[in-house]
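Input: a single structure, listed below in structure tokens.
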Amino acid sequence: MENYNPQEIEPKWQKYWEDNDFYQAKDLTESGSAKKFFALVEFPYPSGEGLHVGHCRSYSALDSIVRKRRMEGWNVLFPIGWDAFGLPAENFAIKTGIHPSVSTQKNINNFKRQLKNLGLSFDWKREVNTSDPKYYKWTQWIFLQLFKNGLAYQTKIPVNWCPKCLIGLANEEVIGGKCERCGTQASKKEIKQWMFQITKYADRLIKDLDDVDYLEKIKIQQKDWIGRSEGTEAIFKIDGSDQELKIFTTRIDTIFGVTALVLAPEHNLVSILEKNISNSAEVKKYIEKVREKTEFERVNLEKERTGIKLEGIWAANPVSNQKIEVWLGDYVIGSYGGGAVMMVPAHDRRDYDFAKKYNLPFKEVVKGGDISKEAFVDYGVLVNSENFSGESSEEAIKKIQIWLEEKGLGGVSIQYKLRDWIFSRQHYWGEPIPIIHCEKCGVVPVPEDQLPVELPFVEKYQPTGTGESPLAAITEWVNVKCPKCGGPAKRETDTMPNWAGSNWYYMRYCDPQNDQALGSPEKLKYWLPVDWYNGGMEHTTLHLLYSRFIYKFLFDIGAAPSPEPYQKRTSHGMILSYDGQKMSKSKGNVINPDDIVKEYGADTLRVYELFMGPFDQAIAWNIQGVKGVRRFLDKLYNLVLECSPNKESSDQAQRLIHRLNQRITQNIESMRFNTAISGFMEFVNFAADNKKETGKDSLNRMLLLLSPFAPHLAEELWQKIGNQGSIFQQKWPVFDPALAQAQKINLIIQVNGRMRDKIESDPEISEEEAKAAALASPKIQNWLNGQQPKQMIFVKGRLVNIVV
RNA sequence: GCGGGCGUGGCGGAAUUGGCAUACGCGCAGGAUUUAGGAUCCUGUGGGUCUCCCUUGUGGGUUCAACUCCCACCGCCCGCACCA
């Protein structure tokens, strides 16, 4: 007999499906009465390392879902494309001189070949590429809309800077405070950057989570990332100056316990009051030292908080008028809550440590703890708080807020951890920001009819040494006429981060060739929002949140048809290497999907990745598991060819196949692929032992159920055992619930909660019968040993528990 | 450090969401077949002082009943804003 030979059958069916255009989504009028289903996977960054087995996991999973949905009659859109801009291609170009567009195209070709070899049912006619000018024309258009609506602005921001390479560094390129390339201590450099006001959307980004179906952990992580915090703003006046300090606190009830103010070292008050600071030389030194550290190190990794007193500066407590010191502290960050905190050593742990270290006074204002031992951070009753003494913390917060508001010294305030989004990159391989700087007119947007602003083709990508993008060196590109006044002007030389293209790529799939708009309103309205988006947990707070923001903005200006882009979001776990570590070229532990396809077949790879463990959990690669899956597919192949083709299935075979039908139908939708595959294994084990009982009806049904997971094998066997047409033109099988239900159960009999006997019975057995049967069991009699049951618990269809 | 998640045999995991702990697969052992190896097939496989007892990271709690719920601790993984 011939054996299962994936190397032969897989290319054959891939060609057949492609030639017959099985996977093209139908637009609007062509779609008839079918309901639309837009399934989305994160498009890959086409790296030089090729497709990762992690991509296969996510793609195989959604592929199985969409194949089932197509068989159920849905009009499915399952597209793919390339997130083609990015730092690695540029770094590769600096090293080798090969243009990023060349290496990127080469990588795309490789990825495309790899994806096609997996037999994924993508609609290749809708492929998008973020580095294609026809695509990024619309990325730039979105930027212009944000600019015109006041959501894009420029400001100076410190970036990581290598003083030797004279280049800005991504956080990832700073390893232990040093430049990844040359090992020099990295510093900071202030550079003017484009920013997006995502903070304006903070509340909506939280609230609208109520209307979408995301995994709960994804919602929680997004909410925590946005970090909405209701508190109080209080204004402290600076002595002998017209300056004032705004601080944010969630514990305004402790304001009578303030013994100092602490500012972030980058706070602008330091330079404003420089003349009044008697130790300003030391203060400057301190600021320089703090600058060398990343914010992450400052706030989190340093065991010791550091700080310095601003000598000669005094602030007035707005409620008590008490004079207090002003300090700088590295644990205060400039971007949150105004970059200033009131220090209450008695009732905040960080303040407690700081005050202990620098011998600052403690003042207890909430009763209940022992502040000689540790900070008391709970709510309680106020003491030493003038008129507010005796109030509870909750009441005091409300009353002090009202009091501050009346006096014009602050009031209720809401702060977010979420910060505005730095959108500039000083790199070559990204979308040019479509802005022109005119000496006379200032910042002028490129007129929309002049989009796209194409990336000029250059020979050199070396950094300019000034912190500017390599584009700044191309004078013939940079120097332009101002679109407003016609005078001399310069192009913006910053490019966009790679989020820019991935912010909206899924919208482009709806109408990928459109040159008049990012998509026709009709097509966008038909397909959006995405019905199901699967991706990695690592994208929860950046890509997922960013793209929701951009989509909401587009909705506000009428360019998107719904308030949310993704109706449902699920997430797959990472695939680690056989050593339990992340795969990386440098560790030499990368699994190449090509090798697996070549040796075992694409269906084996797909089924293995779905079987290997729970879909949402990280898991290590195991080649023995791959072999086991191949063994199973071999067994299934032989079984189908050996079973009695013309016999009717026995009752038992029928019940089992209907139960499998139910299980697979449910497991695909709930992404419990691992138990789905084990269900097939159980059925195949049964059928292999009972070949005479297993007829063609059961086998056909099994093949239909299998087709979303192992499409090539299912198609091959479907046609081989004499069925007409492609298996993917068939209807998804419907199970008979009566057949799928077990007709006999093991009724568990427990004594004191421990299983002591099983009685085979009808699932509908009544309480009386079950209890009688339990007491009648000789085993149970033996266990009871003459004792009278105190209580008997009956759980229908499950058990009887006798308590003695 | 902060936020999120996870922890079950030698290994990956299952357990109808509070009701038989260890389905299915891997590995291992024995047997069949084979000149041999591989492959394939059959049987067995949580531990122990084995009619019984113990076992779901550790310790406690709730319950007739806990892998599942609650509290504390330990360990691992993801993210932390210029990687994608």
Side-chain angles (χ1 to χ4, degrees), chain A residues 42 44-45 47 83 85-88 157 159-160 168-174 193 198 215-218 220-225 227 295-297 299-303 331 335 350 417-427 497-499 502 536-543 545-546 571 573-574 576 580 582 608 611-614 616-629 631-632 634-635 638 663 666 672 674-675 677-682 685 688 742 746-758 782 789-793 795 797-804:
Chain A
E42 287 166 349
Y45 173 73
S47 75
D83 190 9
F85 277 128
L87 205 49
I157 291 280
V159 300
N160 298 313
L169 300 172
N171 284 351
E172 199 191 48
E173 298 174 298
V174 182
Q193 305 273 38
I198 188 173
L215 289 180
E216 199 52 35
K217 62 180 175 181
I218 295 177
I220 293 169
Q221 242 181 72
Q222 286 214 346
K223 276 182 198 162
D224 289 345
W225 181 258
E295 180 187 301
F296 183 73
E297 289 170 324
V299 181
N300 299 319
L301 300 181
E302 300 294 314
K303 288 188 187 93
Y331 69 100
S335 53
R350 281 175 308 182
K417 285 201 192 109
L418 183 70
R419 312 205 286 254
D420 277 348
W421 178 8
I422 306 171
F423 207 68
S424 285
R425 299 292 182 273
Q426 289 71 47
H427 286 293
N498 118 305
W499 311 111
S502 62
M537 213 48 210
E538 69 274 18
H539 293 115
T540 301
T541 48
L542 298 180
H543 162 67
L545 196 66
Y546 287 157
S571 156
M574 194 181 288
L576 305 169
K582 248 188 183 171
Y608 168 65
F611 179 60
M612 66 194 298
D616 62 344
Q617 277 172 44
I619 193 154
W621 187 264
N622 180 358
I623 193 66
Q624 293 300 340
V626 178
K627 289 181 186 170
V629 166
R631 212 152 33 216
F632 159 65
D634 280 326
K635 188 174 178 180
N638 294 332
R663 182 162 170 182
Q666 293 167 350
R672 290 146 65 98
N674 53 334
T675 55
I677 305 299
S678 69
F680 284 111
M681 290 171 172
E682 285 173 26
N685 287 345
N746 271 329
L747 186 73
I748 304 305
I749 315 298
Q750 296 180 329
V751 177
N752 288 334
R754 291 173 162 255
M755 199 274 291
R756 296 303 183 193
D757 198 11
K758 298 177 192 182
N782 202 29
K790 265 194 223 150
Q791 195 186 349
M792 282 178 83
I793 287 139
V795 182
R798 236 167 273 246
L799 60 73
V800 175
N801 186 14
I802 303 167
V803 187
V804 293

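None of these values were measured; they are calculated from a predicted model. First the proteins, then the strands, lettered A, B, ... as listed; each starts at 1.
In this structure A:Asp757 satisfies the side-chain hydrogen bond (donor to acceptor under 3.5 Å, both in side chains) test together with A:Ser777, sequence neighbours excluded. For the salt bridge (Lys or Arg N to Asp or Glu O under 4.0 Å) test, residues two or more places apart in sequence or in another chain that qualify with A:Asp634 are A:Arg630. Legend: residues meeting side chain to side chain contact (heavy atoms under 4.5 Å, CB included) with A:Asp616, ordered by chain and number and at least two apart, are A:Lys217, A:Pro614. For the side-chain hydrogen bond (donor to acceptor under 3.5 Å, both in side chains) test, no residue two or more places apart in sequence or in another chain qualifies with A:Gln750. The side chain to side chain contact (heavy atoms under 4.5 Å, CB included) test applied to A:Ile793 returns A:Gln791, A:Val795, A:Asn801, A:Val803, not counting sequence neighbours. Evaluation of the side chain to side chain contact (heavy atoms under 4.5 Å, CB included) rule for A:Pro44 yields A:His55, A:Tyr59, A:Ile80, A:Trp82, A:Phe111 as partners, not counting sequence neighbours. In this view, A:Thr675 and A:Arg663, A:Asn667, A:Arg672, A:Ser678 satisfy the side chain to side chain contact (heavy atoms under 4.5 Å, CB included) rule, not counting sequence neighbours.
Shown here, B:U34 is classed anti by the O4'-C1'-N9-C4 or O4'-C1'-N1-C2 angle, which is more than 90° from 0. With a glycosidic angle further than 90° from 0, B:C6 counts as anti. Taking 90° from 0 as the syn/anti boundary, the base of B:G9 is oriented syn.
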Reading RNA chain B 5' to 3', how would its secondary structure be written in dot-bracket notation, given Watson-Crick and G-U pairs with both distances under 3.5 Å, brackets [ ] for crossing pairs and | for partners on other strands?
(((((((..(((......[....)))((((((.......))))))(((...)))..(((((..]....))))))))))))....
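Of all nucleotides listed (B:G79, B:A81, B:A84), B:G79 comes nearest to the side chain of A:Thr541. Minimum atom distance to the side chain of A:Lys582 is reached by B:C78, of the listed B:C78, B:C20, B:C6. Picking from B:C82, B:G19, B:G4 the nucleotide with the shortest atom distance to the side chain of A:Asn801 gives B:G19. Each of B:C83, B:G19, B:G5 was ranked by its minimum atom distance to the side chain of A:Lys217; first place goes to B:G5. Closest to the A:Arg798 side chain, of the nucleotides B:A84, B:C64, B:G19, is B:G19. Listed nucleotides: B:C20, B:C82, B:A81. Nearest to the side chain of A:Leu418: B:A81. Of the candidates B:A81, B:A15, B:A84, B:A81 carries the atom nearest the A:Arg419 side chain, counting heavy atoms from C-beta on.
A distance of about 16 Å separates the C1' atoms of B:C69 and B:U56, rounded to the whole Å. As rounded to the nearest Å, B:G79 and B:U43 have C1' atoms that lie 49 Å from one another. Across the P atoms, B:U58 and B:G10 are found 13 Å apart, a figure rounded to whole Å. Separation of the C1' atoms belonging to B:C2 and B:A81 is 14 Å when rounded to the nearest angstrom. Remark: the separation of the P atoms in B:A15 and B:C20 is 13 Å, to the nearest Å. Comparing the P positions of B:G44 and B:C76 gives a spacing of 40 Å, expressed to the nearest Å. Taking the C1' atoms as reference points, B:A14 lies 8 Å from B:C24, given to the whole Å. On the P atoms, B:G75 is 36 Å away from B:G25, given to the nearest whole Å.
Within the 4.0 angstrom heavy-atom criterion, base atoms lie near A:Leu542. Residue-level contact check: A:Ile748 touches the bases, meaning some heavy atom is under 4.0 Å from a base atom. Base engagement by A:Val795 is indicated by at least one non-hydrogen atom pair under 4.0 Å involving a base atom. Note on A:Ile793: a base of the nucleic acid sits closer than 4.0 angstrom, heavy atoms only. Nucleic acid contact for A:Pro614: sugar-phosphate only, since backbone atoms but no base atoms lie under 4.0 Å from a heavy atom of the residue. Within the nucleic acid shown, A:Glu173 has no heavy atom closer than 4.0 Å to any nucleic acid atom. Within the nucleic acid shown, A:Gln193 comes within 4.0 Å of at least one base atom, counting heavy atoms only. Residue-level contact check: A:His539 touches the bases, meaning some heavy atom is under 4.0 Å from a base atom.
Of the residues near RNA chain B, A:Asn782 and A:Ala618, the one whose nearest nucleotide (by heavy atom distance) lies more toward the 5' end is A:Ala618.
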Criterion side-chain contact (heavy atoms from CB on, under 4.5 Å) on A:Lys790 and A:Val804, from CA distance to verdict
CA-CA 5 Å; A:Lys790 265 194 223 150; A:Val804 293; 5.9 Å; no
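A:Tyr546 and A:Trp421 have parallel rings, their planes meeting at less than 30° on a 0 to 90° scale where 60° marks the start of perpendicular.
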Contact string for nucleotides 21-28 of chain B, one letter per nucleotide 5' to 3', B = base within protein heavy-atom range under 4.0 Å, S = sugar-phosphate only, - = neither, reads --BBSSS-
